[in-house]
2 protein chains.
Amino acid sequence: MGPTSRATPYWYEDRDVVGMLEALRTFRRADQDMRARLSAGMHMNVTDLQALRFVIAAENAGEVATPRGLATHLHISTASTTKLLDRLTGSGHLAREPHPSDRRSLVVVATDHAHEEVRERLARMHERMAEIAREVPVDARPAVEDFLVRMAAHLDTEGDVPPLRPAPRRPAAPTTSG
Amino acid sequence: MGPTSRATPYWYEDRDVVGMLEALRTFRRADQDMRARLSAGMHMNVTDLQALRFVIAAENAGEVATPRGLATHLHISTASTTKLLDRLTGSGHLAREPHPSDRRSLVVVATDHAHEEVRERLARMHERMAEIAREVPVDARPAVEDFLVRMAAHLDTEGDVPPLRPAPRRPAAPTTSG
DNA sequence: CAAAGTATCTAGCCTGGCTAGCAATAAGGA
DNA sequence: TCCTTATTGCTAGCCAGGCTAGATACTTTG
């Protein structure tokens, strides 16, 4: 309890640590809420907006977006992707075009209207985000980036299979009955 | 295009900025994926796990969790909360108990098994997260926290109503017609 | 005490995922 | 070349997990 000879006792360091972790949670919550509001404001669900942004990003990068690529990126099935494309072509945000080299596939393109709407709603936000990033002291920036990247790498290794329960149920694989 | 007299030309600064923003996206993606894996590993959906953690957090804070509080926290309706409680009591993670002072309401408590399972799966992860946070240089920590908090605050102001469309519909508040 | 408000639950609907299976096309080996 | 296998996107039909509306029990307020 009493002060020690160290300039920064252990509990002081911990306050920083707790602050950063709380800030991380705060950010995540804010980001999630923003996405929900944004997609609701565009009269679509969160996945559809993510898809739209993926297609636009692909176009900006000079690449072609296919339904298969969309399914992979969004971690949904190709069947769900078909429905998603039906929704977004129906709303006038996307269009299906023939694939130049693979006649099984097709190319997904964003309409001018979609480009405009997304740019309109996100340009200001992205600008301000960069501004906030620029407000970080130059010599602290590598630490910020490092912290986030390392945290992401850690999360990629967590939450996998349970270390205890041996996978409770497996609907398939009939052994005795049936 | 050519080099200037400045030690850190503008594009160098921008590289830091871009790096931080990319790291932010990377973190968000990793966090989302982790949550999906974690809840899948516990045979529940993401919302249910969030609810479970909310109840446990309330207990640890010496507070009581009610269905209403759960609904508010999760941004779902009370009807959906009833279904959620049915699922989680059915799986043996939560239990409904009488509310000590409001006989309309009830108190939601986590079972011992739920406490144990969550602690088991999250303790190591949280420890490692704190470890990663402690690896951030002490003098950079305020900048890290600030960056995240400011970014969160910004996101809280974005994605709202479109700056163009005049708030599509407002069911209540009749002014002229009706 | 009566009226209005609040908490939870039930009933029934809708969205957005999923799997299974299909036709068309591509890719690879005998 | 030709036959087999893999891949792509689609349709059909199912299910989980949200939602609104309305019922009931209780609390709060005038």
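Values reported hereafter were calculated over all heavy atoms of this structure, with side chains retained and with hydrogens, waters and symmetry mates removed. Chain letters run A, B, ... following the sequence lines, proteins first, then strands; residues in each count from 1. In this text, all values refer to a predicted model and were calculated from it rather than measured experimentally.
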Return no unless some side-chain N or O of S77(A) is found under 4.0 Å from OP1 or OP2 of dT19(C). no
Starting at atom CG of L49(A), determine the distance to atom P of dG16(C), rounded to an integer number of angstrom. 13 Å
When you measure from the side chain of R68(A) to the backbone N and O of T78(A), does any donor-acceptor pair fall under 3.5 Å? no
Answer yes or no: is there an ion pair linking R121(B) with E117(B), defined by an N-O contact shorter than 4.0 Å? yes
Enumerate the ring pair (Phe, Tyr, Trp, His ring centres under 6.0 Å) contacts for residues 72-108 of chain B, please, sequence neighbours excluded, ordered by first and then second residue. F54(B)-H73(B), H93(B)-H113(B)
Under 4.0 Å protein heavy-atom contact, by nucleotide of nucleotides 20-28 of chain C - B base, S sugar-phosphate only: ----BBS--
Just grab all the side chain to side chain donor-acceptor pair (under 3.5 Å) pairs involving residues 55-65 of chain B, residues at least two apart or on different chains. E59(B)-H115(B)
CZ of R96(B) versus P of dT8(C): gap in Å, rounded? 10 Å
Would you jot down, in residue-number order, the residues of residues 68-76 of chain A having a non-hydrogen atom under 4.0 Å from DNA chain C? H75(A), I76(A)
For R29(B), give me all partners under salt bridge (Lys or Arg N to Asp or Glu O under 4.0 Å), at least two apart in sequence or on another chain. D156(A), D33(B)
Identify whether any heavy atom of S105(A) sits under 4.0 Å from a base atom; if not, whether one sits that close to sugar-phosphate; answer base, sugar-phosphate or nothing. sugar-phosphate
Would Q32(B) and L155(A) count as a side-chain contact (heavy atoms from CB on, under 4.5 Å) if you check the C-alpha gap in whole Å, the side-chain angles of each, and the deciding distance to 0.1 Å? CA-CA 9 Å; Q32(B) 229 165 253; L155(A) 295 184; over 6 Å; no
Which ones in residues 57-65 of chain B lie close to DNA chain C, meaning a heavy atom under 4.0 Å from one of its atoms? none
Joint cluster assignment, L94(A) & V107(A), ILVMFWY side-chain distance < 4.5 Å: no
Do the charged groups of D48(A) and K83(A) touch, with an N to O distance under 4.0 Å? no
Under 3.5 Å, is there a donor-acceptor pair between the side chain of R37(A) and the main chain of E158(B)? yes
Name every residue in residues 82-95 of chain A that has at least one heavy atom under 4.0 Å from any atom of DNA chain C, in order of residue number, or write none if there are no such residues. K83(A), R87(A)
Between D16(B) and R134(A), is the closest basic N to carboxylate O distance under 4.0 Å? no
May I ask you to list the residues of residues 31-40 of chain B, by number, that have any heavy atom positioned under 4.0 Å from an atom of DNA chain C? none
Can you give me the first and the last nucleotide of DNA chain D (5' to 3') that has an atom within less than 4.0 angstrom of a non-hydrogen atom in chain B? dG17(D) to dT27(D)
So if I take the C1' atoms of five pairs at each end of the helix from dC1(C)-dG30(D) to dA30(C)-dT1(D) and get each local axis, what angle do the two axes make, rounded to 10 degrees? 30°
Taking only N/O atoms, report every protein-nucleotides 2-4 of chain C pair under 3.5 Å with atom names and distance.
none

salt_bridge(R25(B), D31(A)) N-O dist < 4.0 Å: no
Ring pair (Phe, Tyr, Trp, His ring centres under 6.0 Å): pairs with one or both residues in residues 132-154 of chain B, sequence neighbours excluded: none
If every non-hydrogen atom of P67(A) is compared with every non-hydrogen atom of L85(A), which pair is closest and at what distance? CG-CD1, 3.7 Å
Looking across every strand, which nucleic acid part, if any, lies under 4.0 Å from T81(A) by heavy atom: base, sugar-phosphate, or nothing? nothing
